[in-house]
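Data first, discussion second: the structure below is written as structure tokens.
Just follow the structure's listing: the first ligand is 1, and inside any ligand the first atom is 1. Quick note: numbers below take in every heavy atom, side chains included, and nothing from hydrogens, waters or symmetry partners. Positions are given from 1, in the same order as the sequence printed here. Please read all numbers here as calculations on a predicted model, not as lab measurements.
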Amino acid sequence: MSERVIPLVDHRAAGLKALLPARPVAPTGLLADTLGRPLRDLRISVTDRCNFRCNYCMPKEVFDKEHAYLPHSALLSFEEITRLARLFLAHGVRKIRLTGGEPLLRRNVEDLIAQLAQLRTVDGLPPDLTLTTNGSLLARKARALKDAGLQRVTVSLDGLDDAVFRRMNDVDFPVADVLAGIEAAHAAGLSRIKVNMVVKRGTNDHEILPMARHFRGTGTTLRFIEYMDVGATNGWRMDEVLPSAEVIGRLRAELPLVPLDPTAPGETAERWGHADASGRHDPALGEVGVISSVTQAFCGDCNRARLSTEGKLYLCLFATQGHDLRSLLRDGASDADIASALAPIWQGRSDRYSELRSTLPADTRQAGRRVEMSYIGG
Ligand code: SAM
Ligand code: SF4
Ligand code: SF4
């Protein structure tokens with residue numbers, strides 16, 4: 001068994017105070033950080049709880065009966081989340097992703113979706129509203145989520161082999177129920193459904209081809225994610241990372257694939273289309289993607305902000321501290337105040353951990369101090 005690094009300090013408690021600038025800053029939708037990156041994507045964690053114990057995210061040894069989850073009073077209410085989301089949209093956000101923990105465990109999450117679906121971007125459009133889920137409750141909830149205004153969904157699934165999947169979620173959850181959830185999402189009319197598979201060498205890399213064959217031509221886009229050194233508890237080792245280039249190599253040995261152009265700036269996945277007999281991409285067969293978070297950093301156009309379950313704003317998945325927005329909300333700050341406080345936070349952002357990872361000596365990567373992915377969301 002690999003060694004585990006157990007966090008000694010609860011970094012959820014530490015937070016940076018969000019300061020009100022001396023003069024109000026009216027949102028223009030044009031915020032840029034110190035590297036010129038705009039703010040476009042807001043990921044909101046709606047719970048720090050999960051019914052799975054994926055070893056790479058919430059290992060059982062750490063997230064056991066003794067683990068102290070946030071009390072309900074610490075969580076942002078739906079009204080607080082919606083209010084912040086509205087101000088982020090005014091600053092230029094176009095896309096909102098609900099995550100967690102397992103977002104479908106938050107009671108009545110469809111009510112939050114209904115509130116968020118009413119908001120508008122600076123272009124007067126509804127935000128691109130999506131959600132990442134482990135799929136365990138999707139069969140039951142897909143219709144209500146769609147009716148509330150959810151447009152699309154990403155389901156995490158690490159293999160088709162039932163024994164492998166049960167081992168990886170570590171709560172003996174069957175793969176058939178997640179597949180039923182994906183079916184239900186299609187049936188409910190959710191569009192552009194994606195499946196994310198975290199690849200760990202030696203654990204589930206033999207599932208790469210079966211997964212690609214299974215989802216080819218089904219309207220579901222499968223994406224392979226490099227296992228990342230997020231958080232402080234998963235005992236990450238570089239030798240368990242299977243580089244995306246190797247994933248593509250293995251796929252192309254069996255399935256014809258052609259490279260596709262990115263659809264949007266800041267897109268994290270490199271796209272590959274399934275090709276027909278003539279070697280051209282056949283849209284009916286769909287595509288796969290690879291997300292090379294470790295071997296090919298994409299910080300250069302990272303436009304993502306993360307709002308934790310208790311209202312701290314994180315500027316990077318690998319950040320050690322967040323900016324406390326909940327205090328502003330609960331101390332009675334006005335919308336103008338909060339919008340003004342958000343601007344300098346984004347403008348001061350210089351995070352680019354993945355680009356620097358290989359140049360940082362191991363003892364300065366702050367591995368013991370990083371917040372968990374289940375807390376700030378993926
Ligand atoms: N519970 C939901 C789920 O699993 O989809 C949402 C939250 S989960 C933290 C979001 C995404 O992060 C999932 O796709 C998960 O596979 C991914 N993830 C978690 N830990 C990871 C790690 N160490 N490396 C790469 N991806 C990870
Ligand atoms: Fe739960 Fe998602 Fe983390 Fe797995 S990856 S433990 S499903 S939050
Ligand atoms: Fe964005 Fe941080 Fe990931 Fe770089 S390491 S892509 S800045 S979240």
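Here the side chain of D64 pairs a donor or acceptor atom with the backbone of H67 at under 3.5 angstrom. A donor-acceptor pair is defined here as one N or O able to donate and one able to accept, closer than 3.5 Å; such a pair exists between the side chain of E226 and the backbone of S244. Under a 3.5 Å cut-off, the side chain of R53 and the backbone N or O of N169 do not form any donor-acceptor pair. At least one donor-acceptor pair under 3.5 Å links the side chain of E207 to the backbone N or O of D161. No side-chain donor-acceptor contact under 3.5 Å links S292 to the backbone of V294.
Side chains of R37 and N303: no donor on one and acceptor on the other come within 3.5 Å. In this structure, a donor-acceptor pair under 3.5 Å is present between the side chains of T154 and R97. In this model, no donor atom of one side chain and acceptor atom of the other lie less than 3.5 Å apart for T99 and T132. A side-chain N or O of S327 and one of D324 form a donor-acceptor pair less than 3.5 Å apart.
Within ligand 1, counting atoms from 1 as listed, the ones closer than 4.0 Å to a heavy atom of N134 are 2 (C), 3 (C), 5 (O). Near V230, the atoms of ligand 1 lying under 4.0 angstrom from a non-hydrogen atom of the residue are 22 (C), 23 (N). Set against the non-hydrogen atoms of G100, the atoms of ligand 1 under 4.0 Å away are 7 (C), 9 (C). Less than 4.0 angstrom separates some heavy atom of E102 from each of these atoms of ligand 1: 1 (N), 2 (C). Every atom of ligand 3 with a heavy atom of R306 under 4.0 Å away is listed here by number and element: 8 (S). If you number the atoms of ligand 1 from 1 as listed, the ones under 4.0 Å from a heavy atom of Y227 come out as 23 (N), 24 (N).
Note on ligand 2: S156 sits outside its first shell, no heavy atom being nearer than 4.0 Å. Residue contacts with ligand 1 include G101, since one or more of its heavy atoms lies under 4.0 Å from the ligand. Using a 4.0 Å heavy-atom cutoff, M197 is absent from the residues neighbouring ligand 1.
The set of protein atoms (N, O or S) found at less than 2.8 Å from atom 4 (Fe) of ligand 3 reads C299 SG, by chain and number.
Each of L242, D205, I248, V199 was evaluated against F224; a single residue qualifies, V199, per the side-chain contact (heavy atoms from CB on, under 4.5 Å) test.
Among protein heavy atoms, atom 3 (Fe) of ligand 2 sits closest to C57 SG, 2.4 Å. Counting protein heavy atoms only, atom 4 (Fe) of ligand 2 is closest to C54 SG, 2.3 Å. Atom 1 (Fe) of ligand 2 has C50 SG, 2.3 Å as its closest protein atom, hydrogens excluded (heavy atom only). Taking atom 6 (S) of ligand 3 as the reference point, the nearest protein heavy-atom neighbour is R304 NH2, 3.5 Å.
Rounded to the nearest 0.5 angstrom, L89 CG and R40 CZ are separated by 11.0 Å.
The part of V198 lying near ligand 1 is the side chain, judged by heavy-atom distances below 4.0 Å. Residue-level proximity to ligand 1 for T133 is carried by the backbone, the only part with a heavy atom below 4.0 angstrom.
Contact of the L129 side chain with the R152 side chain is not registered, since no non-hydrogen atoms from C-beta on lie closer than 4.5 Å.
For T99, no nitrogen or oxygen atom sits less than 3.5 Å from a nitrogen or oxygen atom of ligand 1, counting backbone and side chain alike. Polar contact with ligand 1: present for S156 (N/O pair, distance under 3.5 Å). Geometrically, ligand 1 and Y56 share a nitrogen or oxygen pair separated by less than 3.5 Å.
Environment of CZ in R330: crowded, with over 12 heavy atoms of neighbouring residues, nucleotides or ligands closer than 6.0 Å. Heavy atoms from other residues, nucleotides or ligands lying under 6.0 Å from CD of Q151 number more than 12.
Taking the six-membered ring where tryptophan is involved, the planes of F52 and F165 are perpendicular, since the angle between them exceeds 60° and thus also 30°.
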